Amino acid sequence: QQRSLEDVVAHLGETFQQRLFRLIDERGMTDVEVYKKANLDRKLFSKIRCNAEYRPKKITAVALAMALKLNLDETKDLLSRAEMALSPSSKFDLIITYFIEREVYDIYTINIALFQHEQPLLGA
């Protein structure tokens, strides 16, 4: 039996914010650890925490994924909840994917590579 549109819409998945804070809890990390590792400012992180509808910039979402050491599938899932994707035609996205696949999550190492390829820096 097919579900009605109302039934489908009534079963929304987790938002970006809900998934982010669930991942933080699952990893046993504190908010401070996460925003520092992501190289984000406390005010921005607080905005994400307090506003259920907050839509981060892609660079912010990727920095958070790095701070949480998400694998590629987890990163894609988190980004999809903010209606974003990692594109094979984006130099930035290819660099991020490269480091995730090699389990390199150090923001500074990644930023050096991004800088060398004239891409925006994480947490900037």
Side-chain angles (χ1 to χ4, degrees):
Q1 179 181 351
Q2 284 203 332
R3 298 187 325 166
S4 70
L5 177 58
E6 286 68 31
D7 191 36
V8 171
V9 173
H11 289 87
L12 280 176
E14 282 181 309
T15 65
F16 173 84
Q17 182 217 39
Q18 289 167 333
R19 176 59 53 97
L20 173 67
F21 290 106
R22 186 164 65 74
L23 287 165
I24 291 171
D25 291 343
E26 284 174 0
R27 281 165 169 68
M29 295 176 77
T30 66
D31 288 2
V32 175
E33 281 177 301
V34 173
Y35 72 70
K36 284 189 173 175
K37 279 189 177 170
N39 202 25
L40 298 178
D41 132 306
R42 185 183 56 77
K43 279 190 210 152
L44 173 58
F45 194 82
S46 178
K47 206 182 283 185
I48 297 168
R49 162 87 52 207
C50 298
N51 180 355
E53 301 302 310
Y54 184 78
R55 284 271 169 77
K57 290 182 179 160
K58 184 172 185 176
I59 210 151
T60 302
V62 168
L64 289 164
M66 296 294 113
L68 290 164
K69 297 184 177 181
L70 301 185
N71 67 31
L72 201 51
D73 287 340
E74 291 167 328
T75 300
K76 288 176 177 178
D77 178 69
L78 183 63
L79 291 176
S80 75
R81 292 170 191 285
E83 299 178 18
M84 299 173 197
L86 290 173
S87 169
S89 62
S90 159
K91 201 182 281 189
F92 174 88
D93 292 355
L94 288 173
I95 293 167
I96 295 303
T97 301
Y98 174 90
F99 284 105
I100 292 171
E101 288 175 340
R102 283 152 185 82
E103 296 182 11
V104 175
Y105 295 100
D106 179 66
I107 294 279
Y108 301 101
T109 303
I110 297 165
N111 275 345
I112 289 167
L114 290 168
F115 180 80
Q116 288 171 336
H117 292 275
E118 300 175 348
Q119 298 301 300
L121 305 183
L122 296 176

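Everything numeric in this text was worked out from a predicted model, so none of it was measured.
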Cluster partners of Val9, using ILVMFWY side-chain heavy atoms under 4.5 angstrom, listed by chain and number? Leu5
Kindly write out the residues that satisfy side chain to side chain contact (heavy atoms under 4.5 Å, CB included) with [X], not counting sequence neighbours, or none if the list is empty.
X      : result
Asp7   : Arg3, Ser4, His11
Gln2   : none
Glu118 : none
Ala61  : Phe16, Pro56, Leu79, Met84

Test of understanding: with side-chain hydrogen bond (donor to acceptor under 3.5 Å, both in side chains), list the residues that count as partners of [X], not counting sequence neighbours.
X      : result
Arg42  : none
Asp106 : Thr109
Glu53  : none
Ser46  : none

Determine, step by step, whether Ile48 and Leu64 satisfy the side chain to side chain contact (heavy atoms under 4.5 Å, CB included) criterion, reporting the C-alpha distance in whole Å, the side-chain angles of both residues, the deciding distance to 0.1 Å, and the verdict. CA-CA 11 Å; Ile48 297 168; Leu64 289 164; 4.0 Å; yes
Sequence neighbours left out, what pairs pass side chain to side chain donor-acceptor pair (under 3.5 Å) with at least one residue falling in residues 74-87? Arg19-Asp77, Arg27-Glu74, Arg55-Glu83, Asp77-Arg81, Ser87-Ser89
Taking side chain to side chain donor-acceptor pair (under 3.5 Å) as the cut-off, I'd like each qualifying pair that reaches into residues 57-71, sequence neighbours left out, listed once. Lys58-Asp93
Heavy-atom distance under 4.5 Å between the side chains of Ile110 and Val62, does that happen here? no
Does some side-chain heavy atom of Leu70 sit less than 4.5 Å from a side-chain heavy atom of Ile100? no
If Ile, Leu, Val, Met, Phe, Trp and Tyr residues are connected whenever their side-chain heavy atoms lie under 4.5 Å apart, and connections chain through other members, are [X] and [Y] in the same group?
X      : Y      : value
Val104 : Leu86  : yes
Ile95  : Phe115 : yes
Leu72  : Met66  : yes
Ile59  : Leu94  : no
Leu20  : Val32  : yes

Does any N or O in the side chain of Gln17 come within less than 3.5 Å of the main-chain N or O of Thr15, such that one atom is a donor and the other an acceptor? no
Just jot down the ring-ring contact (aromatic ring centres under 6.0 Å, His included) partners of Phe45, sequence neighbours excluded, or say none. Phe21, Tyr35
Nearest-0.5 Å distance, CG of residue Leu78 to CG of residue Asp73: 12.5 Å
Spatial distance of atom CG (Leu122) from atom CG (Leu114) [nearest 0.5 Å]: 5.5 Å
For the residue pair Ala67 and Met29, what are the closest heavy atoms and their distance? O-CE, 3.6 Å
